[in-house]
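Note on naming: letters A, B, ... go to the chains in the order of the sequence lines (proteins, then strands), and numbering restarts at 1 for each one. All values below come from the heavy atoms of this structure, side chains included, with hydrogens, waters and symmetry mates left out. As the structure is a computational prediction, the values presented were derived from the model and not from experiment.
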Protein chains: 2
Amino acid sequence: MLPLTDLRTKAMFASRAAVLKAMAHPSRLFILDRLSQREHCVQELTELIGADISTVSKHLAVLRNAGIVSDDKRGQQVWYSLRVPCVLRFFDCVETVLQGRG
Amino acid sequence: MLPLTDLRTKAMFASRAAVLKAMAHPSRLFILDRLSQREHCVQELTELIGADISTVSKHLAVLRNAGIVSDDKRGQQVWYSLRVPCVLRFFDCVETVLQGRG
DNA sequence: TCGATTCTTGGCGATATAGCCAAACGATGC
DNA sequence: GCATCGTTTGGCTATATCGCCAAGAATCGA
């Protein structure tokens, strides 16, 4: 109903876009996929991704700031887990989009 | 199972991320929301969004290239419609993420 | 054919993102 | 205290994105 020139509407769509933006990276999608199975520490994810640990840490910060994952520091390790499992439902639809493109 | 260092796995997550990336912008989410009601031409969307028409046209190109919307040129106008309605289910989950951050 | 309308494309500057290395931080163990 | 391990942060360069303006392409009416 309301146009995007409406400030409240604009803010709402900006918030939504921020969540999707946080997910819109191969490594971060991969992280969510792993976390759907069990919690992981940064080290584990770094090995699976094959990038510098500082890079992985920053990806995790993006997901955490978006509210998608939660972190739990136990000893020297920080364990990350999926906070909002419904994001996994995205995958089904995304596959639909990809197949529709042939 | 497979790490992201595996090339096929990497390509798969890159494709998925590309779809989310195409959606991850306030104006583009707004466009999807409008198209969920009915098809729109570029002009209509431009008025609702309040940006330059060239900007809106480029946003539509992003959605089209991602396979999310389809275009139909009739006369001088190009009508856009939602090709993969399941993307709308994203909104529910995104709201869940946002509320979890409250 | 001419002009008007609709949309797309090219190009530009400003801003944001991704990756690495290096340094800092916090917890653990000697 | 000091070294070590796991993680985060700062800084840097390279690359990508966003928005506008201007120009091009396509369609229609006069």
Side-chain angles (χ1 to χ4, degrees), chain A residues 3-5 7 10-11 13-32 34-35 39-66 68-81, chain B residues 3-5 7 10-11 13-32 34-35 39-66 68-81:
Chain A
L4 200 55
T5 50
L7 290 183
K10 197 165 193 166
F13 281 95
S15 300
R16 290 176 172 180
V19 175
L20 288 176
K21 196 172 179 183
M23 296 178 65
H25 186 285
S27 297
R28 295 199 286 268
L29 280 186
F30 179 79
I31 288 171
L32 294 182
R34 292 298 95 183
L35 295 187
E39 63 177 3
H40 286 270
C41 64
V42 184
Q43 217 178 189
E44 291 174 331
L45 292 169
T46 299
E47 280 188 24
L48 289 169
I49 291 174
D52 193 90
I53 189 172
S54 69
T55 300
V56 175
S57 177
K58 283 178 183 175
H59 281 311
L60 287 165
V62 169
L63 292 171
R64 176 165 28 81
N65 291 333
I68 302 172
V69 305
S70 59
D71 59 330
D72 182 22
K73 182 158 193 170
R74 297 201 289 273
Q76 325 187 36
Q77 294 169 330
V78 180
W79 294 86
Y80 281 88
S81 55
Chain B
L4 200 56
T5 50
L7 290 184
K10 195 165 193 165
F13 280 96
S15 300
R16 291 176 173 181
V19 175
L20 289 176
K21 196 174 178 180
M23 298 178 64
H25 186 283
S27 297
R28 296 199 286 267
L29 280 186
F30 179 80
I31 288 171
L32 295 182
R34 291 299 95 185
L35 296 187
E39 63 177 3
H40 286 270
C41 65
V42 183
Q43 206 178 196
E44 291 174 330
L45 292 169
T46 299
E47 279 187 27
L48 290 169
I49 291 174
D52 192 90
I53 190 172
S54 68
T55 301
V56 175
S57 177
K58 284 177 182 174
H59 282 310
L60 288 165
V62 170
L63 292 171
R64 176 164 29 80
N65 291 334
I68 301 172
V69 306
S70 59
D71 58 331
D72 182 23
K73 181 159 193 171
R74 297 200 291 272
Q76 328 186 36
Q77 295 167 328
V78 179
W79 294 87
Y80 282 88
S81 54

J.: Distance under 6.0 Å and angle within 45° of the ring axis: does B:Arg28 meet both against B:Phe30?
T.: no

J.: Could you tell me whether the phosphate oxygens of D:dT17, OP1 or OP2, come under 4.0 Å of any side-chain nitrogen or oxygen in B:Lys21?
T.: yes

J.: Nearest to the side chain of A:Ser57, heavy atoms from C-beta on, is which of D:dT8, C:dT8, D:dG6?
T.: D:dT8

J.: Please tabulate, one pair per line, each protein N/O and nucleotide N/O from nucleotides 22-30 of chain D that are separated by under 3.5 Å, including the distance.
T.:
| from | atom 1 | to | atom 2 | distance (Å) |
| --- | --- | --- | --- | --- |
| D:dT27 | O2 | B:Gln76 | OE1 | 3.3 |

J.: Any donor and acceptor pair, going by atom type alone, linking the side chain of B:Ser57 with main-chain N or O of B:Ile53 inside 3.5 Å?
T.: no

J.: Side-chain N or O of A:His59 less than 4.0 angstrom from OP1 or OP2 on C:dT17?
T.: no

J.: When we call it a touch if two heavy atoms are under 4.0 Å apart, what does A:Ala51 touch: a base, just sugar-phosphate, or nothing?
T.: sugar-phosphate

J.: Could you state the atom-to-atom distance from CD1 of B:Ile49 to P of D:dC18 in whole Å?
T.: 13 Å

J.: From CG of B:Asp71 over to C1' of C:dC7, roughly how many Å is that when rounded to an integer?
T.: 11 Å

J.: Under 4.0 Å between a side-chain N/O of B:Tyr80 and OP1 or OP2 of C:dT8, yes or no?
T.: yes

J.: A:Asn65 CG to C:dA16 C1': how many Å, rounded?
T.: 15 Å

J.: Are B:Glu39 and B:Arg34 close enough, and set up right, to give a salt bridge (Lys or Arg N to Asp or Glu O under 4.0 Å), and what steps lead you there?
T.: CA-CA 8 Å; B:Glu39 63 177 3; B:Arg34 291 299 95 185; over 6 Å; no

J.: Taking atom P of D:dT9 as reference, at what distance in whole Å does atom CD1 of A:Ile53 sit?
T.: 13 Å

J.: Going by the rule ring pair (Phe, Tyr, Trp, His ring centres under 6.0 Å), which residues pair with B:His59 if we only count those two or more places apart in sequence or in a different chain?
T.: B:His25

J.: Can you tell me the distance, in whole Å, between the CD atom of A:Gln43 and the P atom of D:dC5?
T.: 11 Å

J.: To the nearest Å, give me how far apart CD (B:Glu39) and P (C:dC7) are.
T.: 12 Å

J.: If each of A:Lys58 and B:Thr55 is mapped to the nucleotide of DNA chain C with the nearest heavy atom, which maps nearer the 5' terminus, i.e. the 5' end?
T.: B:Thr55

J.: Name all residues meeting the side-chain hydrogen bond (donor to acceptor under 3.5 Å, both in side chains) criterion together with B:Glu44; count only those two or more places apart in sequence or in a different chain, and write none if there are none.
T.: B:Arg38, B:His40

J.: From CD of B:Glu47 over to C1' of C:dC7, roughly how many Å is that when rounded to an integer?
T.: 15 Å

J.: Between D:dT7 atom P and A:Arg64 atom CZ, what is the distance in whole Å?
T.: 12 Å

J.: Where is the tightest heavy-atom contact between B:Thr46 and B:Asp52, given as atom of each residue plus distance?
T.: CG2-C, 4.3 Å

J.: Where is the tightest heavy-atom contact between A:Thr5 and B:Gly50, given as atom of each residue plus distance?
T.: CG2-CA, 3.9 Å

J.: If the cut-off is 4.0 Å, is A:His25 near the phosphate of C:dG19, judged by side-chain N/O to OP1 or OP2?
T.: yes

